[in-house]
Amino acid sequence: MKSAKRRAPHLPVGEEAAARLRAAHRVVALTGAGVSAESGVPTFRGPEGLWREFRPEDLATPDAFARDPKLVWEWYAWRRERVAGCRPNAAHRALAALDKRAPDFLLATQNVDGLHALAGSRRMVELHGSLWRVRCTGCGHVGGDRSPFAEIPPRCECGALLRPDVVWFGEALPTHILERAFAAAREAEVVLVAGTSSLVYPAAAVPEAALWAGAFVIEVNPEPTPLSAKASLSIRGRAAEVLPMLVGEGAEVFH
Ligand code: APR
(Lines give C-alpha, C1' and ligand atoms only; values in the text may rest on other atoms or scores of the structure.)
Protein backbone atom coordinates (compact mmCIF):
# COMPACT_ATOMS: atom_id res chain seq x y z
CA MET A 1 0.00 0.00 0.00
CA LYS A 2 1.14 3.48 -0.73
CA SER A 3 0.47 6.59 1.25
CA ALA A 4 -0.08 9.98 -0.29
CA LYS A 5 0.91 13.48 0.76
CA ARG A 6 -2.50 14.57 1.92
CA ARG A 7 -3.54 11.52 3.88
CA ALA A 8 -4.04 11.60 7.60
CA PRO A 9 -0.88 9.97 9.00
CA HIS A 10 -2.62 8.38 12.01
CA LEU A 11 -5.04 6.23 10.00
CA PRO A 12 -4.33 3.02 8.06
CA VAL A 13 -5.04 3.61 4.36
CA GLY A 14 -8.14 1.39 4.23
CA GLU A 15 -9.71 3.14 7.19
CA GLU A 16 -8.93 6.54 5.81
CA ALA A 17 -10.40 5.64 2.42
CA ALA A 18 -13.57 4.30 4.08
CA ALA A 19 -13.86 7.42 6.25
CA ARG A 20 -13.37 9.75 3.25
CA LEU A 21 -16.05 7.90 1.31
CA ARG A 22 -18.47 8.01 4.23
CA ALA A 23 -18.00 11.74 4.76
CA ALA A 24 -18.22 12.77 1.11
CA HIS A 25 -21.38 14.14 -0.48
CA ARG A 26 -20.09 14.15 -4.03
CA VAL A 27 -18.49 10.87 -5.07
CA VAL A 28 -17.39 9.55 -8.46
CA ALA A 29 -16.29 5.98 -9.16
CA LEU A 30 -14.30 5.07 -12.26
CA THR A 31 -14.09 1.36 -13.05
CA GLY A 32 -12.30 -0.83 -15.54
CA ALA A 33 -12.04 -4.48 -16.51
CA GLY A 34 -10.43 -5.50 -13.20
CA VAL A 35 -13.73 -4.95 -11.40
CA SER A 36 -15.32 -7.69 -13.52
CA ALA A 37 -12.29 -10.00 -13.40
CA GLU A 38 -13.61 -11.82 -10.36
CA SER A 39 -16.90 -12.41 -12.20
CA GLY A 40 -14.94 -14.32 -14.84
CA VAL A 41 -14.82 -11.57 -17.49
CA PRO A 42 -11.31 -11.38 -18.99
CA THR A 43 -9.39 -8.12 -18.67
CA PHE A 44 -7.63 -6.60 -21.71
CA ARG A 45 -4.07 -6.23 -20.48
CA GLY A 46 -2.00 -8.40 -18.17
CA PRO A 47 -1.04 -12.08 -18.42
CA GLU A 48 -4.58 -13.39 -19.08
CA GLY A 49 -5.75 -10.29 -20.95
CA LEU A 50 -7.64 -10.39 -24.24
CA TRP A 51 -4.98 -8.25 -25.93
CA ARG A 52 -2.44 -11.03 -25.29
CA GLU A 53 -4.37 -13.38 -27.55
CA PHE A 54 -6.03 -10.96 -29.97
CA ARG A 55 -4.88 -7.84 -31.79
CA PRO A 56 -7.05 -4.77 -31.21
CA GLU A 57 -6.34 -3.55 -34.74
CA ASP A 58 -7.96 -6.75 -36.11
CA LEU A 59 -11.05 -6.62 -33.91
CA ALA A 60 -11.72 -3.29 -32.27
CA THR A 61 -11.25 -0.53 -34.84
CA PRO A 62 -13.52 0.97 -37.51
CA ASP A 63 -11.03 -0.27 -40.17
CA ALA A 64 -11.20 -3.84 -38.86
CA PHE A 65 -14.99 -3.73 -39.08
CA ALA A 66 -14.91 -2.30 -42.60
CA ARG A 67 -12.44 -5.01 -43.65
CA ASP A 68 -14.12 -8.01 -42.05
CA PRO A 69 -17.41 -7.39 -40.23
CA LYS A 70 -17.99 -11.13 -39.82
CA LEU A 71 -14.70 -11.64 -37.96
CA VAL A 72 -15.36 -8.65 -35.71
CA TRP A 73 -18.90 -9.83 -34.98
CA GLU A 74 -17.74 -13.38 -34.25
CA TRP A 75 -15.43 -11.93 -31.60
CA TYR A 76 -18.21 -9.81 -30.09
CA ALA A 77 -20.65 -12.72 -30.20
CA TRP A 78 -18.09 -14.83 -28.34
CA ARG A 79 -17.64 -12.11 -25.71
CA ARG A 80 -21.42 -11.73 -25.33
CA GLU A 81 -21.76 -15.45 -24.81
CA ARG A 82 -18.96 -15.47 -22.26
CA VAL A 83 -20.32 -12.48 -20.31
CA ALA A 84 -23.89 -13.83 -20.42
CA GLY A 85 -22.75 -16.55 -18.03
CA CYS A 86 -21.15 -14.07 -15.58
CA ARG A 87 -22.80 -12.58 -12.51
CA PRO A 88 -21.92 -9.36 -10.65
CA ASN A 89 -19.41 -9.81 -7.83
CA ALA A 90 -18.95 -8.14 -4.46
CA ALA A 91 -17.20 -5.15 -6.08
CA HIS A 92 -20.20 -4.41 -8.32
CA ARG A 93 -22.51 -4.79 -5.33
CA ALA A 94 -20.38 -2.44 -3.19
CA LEU A 95 -20.54 0.23 -5.89
CA ALA A 96 -24.32 -0.21 -6.16
CA ALA A 97 -24.51 0.28 -2.38
CA LEU A 98 -22.40 3.45 -2.69
CA ASP A 99 -24.79 4.69 -5.39
CA LYS A 100 -27.67 4.32 -2.92
CA ARG A 101 -25.76 5.92 -0.05
CA ALA A 102 -23.85 8.89 -1.49
CA PRO A 103 -26.05 11.98 -1.93
CA ASP A 104 -24.37 12.93 -5.23
CA PHE A 105 -22.85 10.03 -7.11
CA LEU A 106 -21.75 9.01 -10.58
CA LEU A 107 -20.23 5.74 -11.70
CA ALA A 108 -18.23 6.08 -14.91
CA THR A 109 -17.37 2.63 -16.18
CA GLN A 110 -15.15 1.62 -19.06
CA ASN A 111 -16.72 -1.83 -18.95
CA VAL A 112 -19.15 -2.88 -21.64
CA ASP A 113 -20.38 -6.01 -19.85
CA GLY A 114 -23.47 -4.53 -18.14
CA LEU A 115 -22.60 -6.07 -14.75
CA HIS A 116 -22.81 -2.78 -12.83
CA ALA A 117 -26.42 -2.29 -13.94
CA LEU A 118 -27.20 -5.92 -13.08
CA ALA A 119 -25.83 -5.30 -9.58
CA GLY A 120 -28.19 -2.32 -9.19
CA SER A 121 -26.05 0.74 -10.11
CA ARG A 122 -28.31 3.47 -11.49
CA ARG A 123 -26.41 6.78 -11.60
CA MET A 124 -23.96 5.55 -14.20
CA VAL A 125 -22.38 6.30 -17.57
CA GLU A 126 -20.90 3.61 -19.81
CA LEU A 127 -17.92 5.44 -21.31
CA HIS A 128 -17.12 2.73 -23.87
CA GLY A 129 -20.68 1.67 -24.70
CA SER A 130 -22.32 -1.70 -24.16
CA LEU A 131 -21.82 -5.22 -25.48
CA TRP A 132 -25.59 -5.62 -25.36
CA ARG A 133 -26.47 -2.73 -27.68
CA VAL A 134 -26.18 -2.61 -31.45
CA ARG A 135 -26.12 0.43 -33.73
CA CYS A 136 -27.11 0.50 -37.37
CA THR A 137 -24.36 1.67 -39.73
CA GLY A 138 -27.11 2.82 -42.13
CA CYS A 139 -30.04 4.43 -40.32
CA GLY A 140 -28.25 4.93 -36.96
CA HIS A 141 -30.95 3.09 -34.96
CA VAL A 142 -29.68 1.91 -31.55
CA GLY A 143 -31.26 -1.14 -29.96
CA GLY A 144 -30.51 -4.67 -28.95
CA ASP A 145 -30.99 -7.19 -26.20
CA ARG A 146 -29.16 -10.17 -24.75
CA SER A 147 -30.35 -12.81 -27.19
CA PRO A 148 -27.90 -14.49 -29.57
CA PHE A 149 -27.95 -13.26 -33.18
CA ALA A 150 -29.82 -15.22 -35.85
CA GLU A 151 -27.07 -14.39 -38.34
CA ILE A 152 -23.53 -13.02 -38.17
CA PRO A 153 -22.95 -10.27 -39.06
CA PRO A 154 -26.40 -9.13 -37.89
CA ARG A 155 -28.39 -6.69 -40.04
CA CYS A 156 -30.84 -3.91 -39.27
CA GLU A 157 -34.43 -3.99 -40.52
CA CYS A 158 -33.33 -1.28 -42.98
CA GLY A 159 -30.90 -3.81 -44.52
CA ALA A 160 -27.64 -2.17 -43.43
CA LEU A 161 -25.06 -3.86 -41.19
CA LEU A 162 -25.40 -3.50 -37.45
CA ARG A 163 -22.27 -2.82 -35.39
CA PRO A 164 -21.64 -3.23 -31.67
CA ASP A 165 -22.56 0.02 -29.86
CA VAL A 166 -19.11 0.24 -28.30
CA VAL A 167 -16.28 2.73 -28.69
CA TRP A 168 -13.46 1.31 -30.77
CA PHE A 169 -9.83 2.45 -30.86
CA GLY A 170 -9.62 5.57 -32.98
CA GLU A 171 -13.21 6.59 -32.21
CA ALA A 172 -14.36 9.46 -30.03
CA LEU A 173 -16.38 8.82 -26.90
CA PRO A 174 -19.90 10.31 -27.00
CA THR A 175 -19.47 13.96 -26.00
CA HIS A 176 -22.42 14.17 -23.59
CA ILE A 177 -21.21 11.08 -21.69
CA LEU A 178 -17.65 12.29 -21.47
CA GLU A 179 -18.74 15.74 -20.36
CA ARG A 180 -20.93 14.25 -17.64
CA ALA A 181 -18.03 12.19 -16.30
CA PHE A 182 -15.58 15.11 -16.32
CA ALA A 183 -18.07 17.55 -14.80
CA ALA A 184 -18.80 15.10 -11.96
CA ALA A 185 -15.07 14.43 -11.44
CA ARG A 186 -14.28 18.14 -11.22
CA GLU A 187 -17.03 18.61 -8.61
CA ALA A 188 -16.31 15.45 -6.62
CA GLU A 189 -14.83 15.38 -3.14
CA VAL A 190 -13.77 11.75 -3.50
CA VAL A 191 -13.02 9.74 -6.64
CA LEU A 192 -12.67 5.97 -6.34
CA VAL A 193 -10.76 4.34 -9.22
CA ALA A 194 -10.94 0.55 -9.34
CA GLY A 195 -9.69 -2.14 -11.68
CA THR A 196 -8.31 -0.02 -14.48
CA SER A 197 -4.78 0.05 -15.89
CA SER A 198 -5.22 3.85 -16.28
CA LEU A 199 -3.61 3.61 -19.70
CA VAL A 200 -6.53 4.39 -21.99
CA TYR A 201 -7.52 8.00 -22.54
CA PRO A 202 -9.73 9.95 -22.20
CA ALA A 203 -11.07 7.74 -19.36
CA ALA A 204 -7.69 7.85 -17.60
CA ALA A 205 -7.94 11.65 -17.54
CA VAL A 206 -11.08 11.57 -15.35
CA PRO A 207 -9.18 11.07 -12.05
CA GLU A 208 -6.46 13.43 -13.27
CA ALA A 209 -9.07 16.16 -13.73
CA ALA A 210 -10.43 15.37 -10.27
CA LEU A 211 -6.95 15.67 -8.72
CA TRP A 212 -6.44 19.01 -10.42
CA ALA A 213 -9.76 20.19 -8.98
CA GLY A 214 -8.70 19.13 -5.47
CA ALA A 215 -10.51 15.80 -5.06
CA PHE A 216 -9.23 12.96 -2.90
CA VAL A 217 -8.51 10.11 -5.31
CA ILE A 218 -8.43 6.51 -4.06
CA GLU A 219 -7.10 3.80 -6.35
CA VAL A 220 -7.80 0.08 -5.85
CA ASN A 221 -5.73 -2.27 -7.96
CA PRO A 222 -3.55 -5.32 -7.22
CA GLU A 223 -0.86 -3.82 -9.49
CA PRO A 224 0.69 -0.36 -9.65
CA THR A 225 -0.51 1.82 -12.54
CA PRO A 226 0.46 5.26 -13.89
CA LEU A 227 -2.19 6.69 -11.54
CA SER A 228 -0.68 5.12 -8.41
CA ALA A 229 1.96 7.77 -7.86
CA LYS A 230 -0.52 10.61 -8.36
CA ALA A 231 -3.45 9.20 -6.36
CA SER A 232 -4.11 10.45 -2.83
CA LEU A 233 -4.24 6.79 -1.72
CA SER A 234 -3.37 3.68 -3.69
CA ILE A 235 -4.60 0.43 -2.19
CA ARG A 236 -3.08 -2.80 -3.51
CA GLY A 237 -5.82 -5.40 -3.58
CA ARG A 238 -8.59 -7.06 -5.50
CA ALA A 239 -11.73 -5.02 -6.10
CA ALA A 240 -14.14 -7.69 -4.82
CA GLU A 241 -12.22 -7.82 -1.57
CA VAL A 242 -11.37 -4.16 -0.99
CA LEU A 243 -14.48 -2.31 -2.24
CA PRO A 244 -16.91 -4.02 0.17
CA MET A 245 -14.57 -3.01 3.00
CA LEU A 246 -14.38 0.59 1.79
CA VAL A 247 -18.13 0.88 1.47
CA GLY A 248 -18.90 -1.15 4.60
CA GLU A 249 -20.22 0.73 7.57
CA GLY A 250 -17.43 0.11 10.06
CA ALA A 251 -13.75 0.87 9.63
CA GLU A 252 -13.11 -2.08 11.99
CA VAL A 253 -13.35 -4.36 8.94
CA PHE A 254 -9.74 -3.39 8.25
CA HIS A 255 -8.43 -4.71 11.52
N1 APR B 1 -9.43 -6.21 -8.84
C2 APR B 1 -9.01 -4.98 -9.20
N3 APR B 1 -8.22 -4.77 -10.26
C4 APR B 1 -7.82 -5.83 -10.98
C5 APR B 1 -8.23 -7.14 -10.65
C6 APR B 1 -9.06 -7.31 -9.53
N7 APR B 1 -9.49 -8.52 -9.14
N8 APR B 1 -7.67 -7.99 -11.57
C9 APR B 1 -6.98 -7.22 -12.41
N10 APR B 1 -7.06 -5.92 -12.06
C11 APR B 1 -6.45 -4.75 -12.69
C12 APR B 1 -5.17 -5.00 -13.44
O13 APR B 1 -4.05 -4.92 -12.56
C14 APR B 1 -5.20 -3.87 -14.47
O15 APR B 1 -4.57 -2.71 -13.95
O16 APR B 1 -7.38 -4.31 -13.65
C17 APR B 1 -6.68 -3.59 -14.66
C18 APR B 1 -7.24 -4.04 -16.00
O19 APR B 1 -6.64 -3.27 -17.00
P20 APR B 1 -7.10 -3.36 -18.51
O21 APR B 1 -7.19 -4.78 -18.92
O22 APR B 1 -6.21 -2.46 -19.28
O23 APR B 1 -8.61 -2.82 -18.47
P24 APR B 1 -9.13 -1.32 -18.55
O25 APR B 1 -8.28 -0.40 -17.77
O26 APR B 1 -10.58 -1.37 -18.23
O27 APR B 1 -8.94 -1.01 -20.08
C28 APR B 1 -9.43 0.20 -20.59
O29 APR B 1 -8.97 -0.53 -22.80
O30 APR B 1 -8.95 -2.13 -24.49
C31 APR B 1 -9.64 -1.09 -23.94
O32 APR B 1 -11.89 -0.62 -24.30
C33 APR B 1 -11.05 -1.42 -23.50
O34 APR B 1 -12.35 -0.38 -21.75
C35 APR B 1 -11.12 -0.98 -22.06
C36 APR B 1 -9.97 0.00 -21.97
Side-chain angles (χ1 to χ4, degrees), residues 1-2 14 17 29-62 64-65 72 75-76 79-80 82-83 86-95 107-116 119 124-133 163-174 177-178 181 191-208 218-231 233-247:
M1 289 191 193
K2 174 189 170 300
L30 172 71
T31 62
V35 161
S36 293
E38 287 159 272
S39 293
V41 182
T43 61
F44 293 93
R45 297 166 187 84
E48 310 274 303
L50 290 172
W51 298 146
R52 277 288 166 101
E53 202 180 333
F54 305 101
R55 285 162 21 113
E57 54 271 39
D58 291 340
L59 299 166
T61 68
F65 187 70
V72 170
W75 192 62
Y76 278 91
R79 286 178 62 197
R80 282 167 61 112
R82 176 135 190 200
V83 171
C86 298
R87 301 267 69 85
N89 65 50
H92 298 107
R93 288 193 293 276
L95 289 166
L107 167 60
T109 185
Q110 297 167 83
N111 299 345
V112 295
D113 55 34
L115 291 178
H116 282 301
M124 177 178 72
V125 286
E126 293 179 311
L127 296 170
H128 295 165
S130 170
L131 268 185
W132 306 108
R133 283 197 312 266
R163 59 162 282 175
D165 192 24
V166 298
V167 178
W168 282 325
F169 289 101
E171 291 185 316
L173 277 66
I177 286 182
L178 201 58
V191 175
L192 178 60
V193 183
T196 176
S197 56
S198 291
L199 289 170
V200 174
Y201 284 79
V206 169
E208 292 175 350
I218 304 161
E219 180 187 54
V220 177
N221 198 309
E223 304 292 334
T225 75
L227 179 65
S228 303
K230 304 177 218 162
L233 285 181
S234 189
I235 299 177
R236 295 278 152 267
R238 293 180 297 113
E241 195 178 350
V242 176
L243 295 194
M245 292 195 217
L246 295 187
V247 178

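Counting convention: from 1, in listed order, for ligands and their atoms alike.
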### Summary
Counting heavy atoms under 4.0 Å, the part of R238 that contacts ligand 1 is both
### Query
Heavy-atom distance under 4.5 Å between the side chains of L59 and L50, does that happen here?
no
### Message
With respect to T225, determine whether any N or O atom, backbone or side chain, lies less than 3.5 Å from an N or O atom of ligand 1.
### Response
no
### Query
Measuring from E219:CD to L192:CG, what's the distance to the nearest 0.5 Å?
10.0 Å
### Query
Distance from L115 atom CG to L95 atom CG, nearest 0.5 Å?
12.0 Å
### Message
Regarding ligand 1, does R45 bring an N or O atom to under 3.5 Å of one of the ligand's N or O atoms?
### Response
yes
## Note on the structure
Min over P56, P222, A37 of heavy-atom distance to atom 4 (C) of ligand 1 lands on P222
### Message
When you compare the side chains of D165 and S130, does any donor N or O come within less than 3.5 Å of an acceptor on the partner?
### Response
no
### Query
Got an N/O contact under 3.5 Å between V200 and ligand 1?
no
### Query
By number and element, which atoms of ligand 1 are closer than 4.0 Å to a non-hydrogen atom of N221?
11 (C), 12 (C), 13 (O), 14 (C), 15 (O)
### Message
Show me which atoms of ligand 1 lie under 4.0 Å from any heavy atom of E223.
### Response
13 (O)
### Query
Relative to atom 18 (C) of ligand 1, which among P42, G195, A204 owns the nearest non-hydrogen atom?
G195
### Message
Within the 4.0 Å heavy-atom shell around A33, which atoms of ligand 1 are there?
### Response
23 (O), 24 (P), 26 (O)
### Query
Would you say A240 has any N or O atom under 3.5 Å from an N or O of ligand 1, going by distance alone?
no
### Query
Say you draw a straight line from NE2 of H128 to CD of E171; how long is it, rounded to the nearest 0.5 Å?
11.0 Å
### Query
Any idea which atoms of ligand 1 are less than 4.0 Å away from a heavy-atom of W51?
30 (O)
#### Entry: Atom indices of ligand 1 within 4.0 angstrom of E38 heavy atoms, with elements
1 (N), 6 (C), 7 (N)
### Query
Counting from 1, what ligand 1 atoms have a heavy atom of G32 closer than 4.0 Å?
26 (O)
### Message
Under the side chain to side chain contact (heavy atoms under 4.5 Å, CB included) test against S36, which residue among V112, T43, D113, V83 passes?
### Response
D113
